Amino acid sequence: MLCAKYDYDLDIQVKQEEAFANGMKQGISQGIAQGITQGIAQGFNKGLEQERIETAKRMLEDNIDIKLIEKFTKLTIDEIQKLQN
């Protein structure tokens, strides 16, 4: 009967490599998920900002007071004044 000799160092090395590979997979998955989440949030915020600008432009066309535009769009007075030009 043949019995293989247990190689403790080889076993540790294999387990370390497996742990490293699993850690890399998990890190990549988390990074992708975080990137997607951030991309969606940035796209949403950009769309929201554009909607505020469009609302302010329509309000300016209707000669609504800048203070009211500021209040309802959350744009600064400087941002609104730039839209007037």
Side-chain angles (χ1 to χ4, degrees):
M1 181 195 300
L2 291 172
C3 285
K5 182 180 176 190
Y6 177 73
D7 187 341
Y8 179 78
D9 291 332
L10 180 60
D11 189 41
I12 294 295
Q13 181 182 357
V14 168
K15 289 182 191 242
Q16 286 175 338
E17 289 172 1
E18 288 173 352
F20 179 78
N22 287 335
M24 289 295 290
K25 286 180 188 175
Q26 184 178 8
I28 290 169
S29 294
Q30 288 176 351
I32 290 170
Q34 183 179 0
I36 290 170
T37 301
Q38 287 177 348
I40 290 170
Q42 288 174 351
F44 176 77
N45 288 338
K46 190 172 186 177
L48 184 59
E49 182 68 18
Q50 188 61 39
E51 184 60 32
R52 289 177 179 168
I53 290 169
E54 294 302 320
T55 300
K57 285 180 180 179
R58 288 191 304 274
M59 293 174 85
L60 285 169
E61 288 173 2
D62 287 344
N63 297 316
I64 295 176
D65 184 64
I66 289 180
K67 289 285 188 184
L68 282 176
I69 297 172
E70 177 188 33
K71 178 180 178 181
F72 290 111
T73 65
K74 306 278 194 260
L75 294 174
T76 67
I77 289 179
D78 286 341
E79 290 170 324
I80 296 166
Q81 287 174 337
K82 287 178 186 175
L83 296 175
Q84 285 180 316
N85 300 331

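Just so you know, these numbers come straight off a predicted model, no measurement behind them.
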Is I40 reachable from L48 through a run of I, L, V, M, F, W or Y residues, each pair having side-chain heavy atoms under 4.5 Å apart?
-> no
Donor-acceptor list for residues 71-81 side chains, cut-off 3.5 Å, not counting sequence neighbours:
from: T73; atom 1: OG1; to: I69; atom 2: O; distance (Å): 2.6
from: T73; atom 1: OG1; to: L75; atom 2: N; distance (Å): 3.2
from: T76; atom 1: OG1; to: E79; atom 2: N; distance (Å): 3.1
from: T76; atom 1: OG1; to: E79; atom 2: OE1; distance (Å): 3.3
from: E79; atom 1: OE1; to: T76; atom 2: N; distance (Å): 2.8

From Q50 CD over to T55 OG1, what is the distance, rounded to the nearest 0.5 angstrom?
-> 10.0 Å
Atom OH of Y8 and atom CD1 of I12: how far apart are they, to the nearest 0.5 Å?
-> 3.5 Å
Atom CG in L60, atom CD1 in I53: separation rounded to 0.5 Å?
-> 11.5 Å
E61 CD to L83 CG distance, which is reported to the nearest 0.5 Å = 10.5 Å
Backbone N/O of K67 and side chain of D65: donor-acceptor pair under 3.5 Å = yes
Taking the side chain as every heavy atom from C-beta outward, state whether Q16 and F20 have any atom pair closer than 4.5 Å.
-> no
Do the side chains of Q13 and D9 get nearer than 4.5 Å, heavy atoms only?
-> no
Within residues 23-48 or reaching into it, pairs that qualify as side-chain hydrogen bond (donor to acceptor under 3.5 Å, both in side chains) - sequence neighbours excluded | none
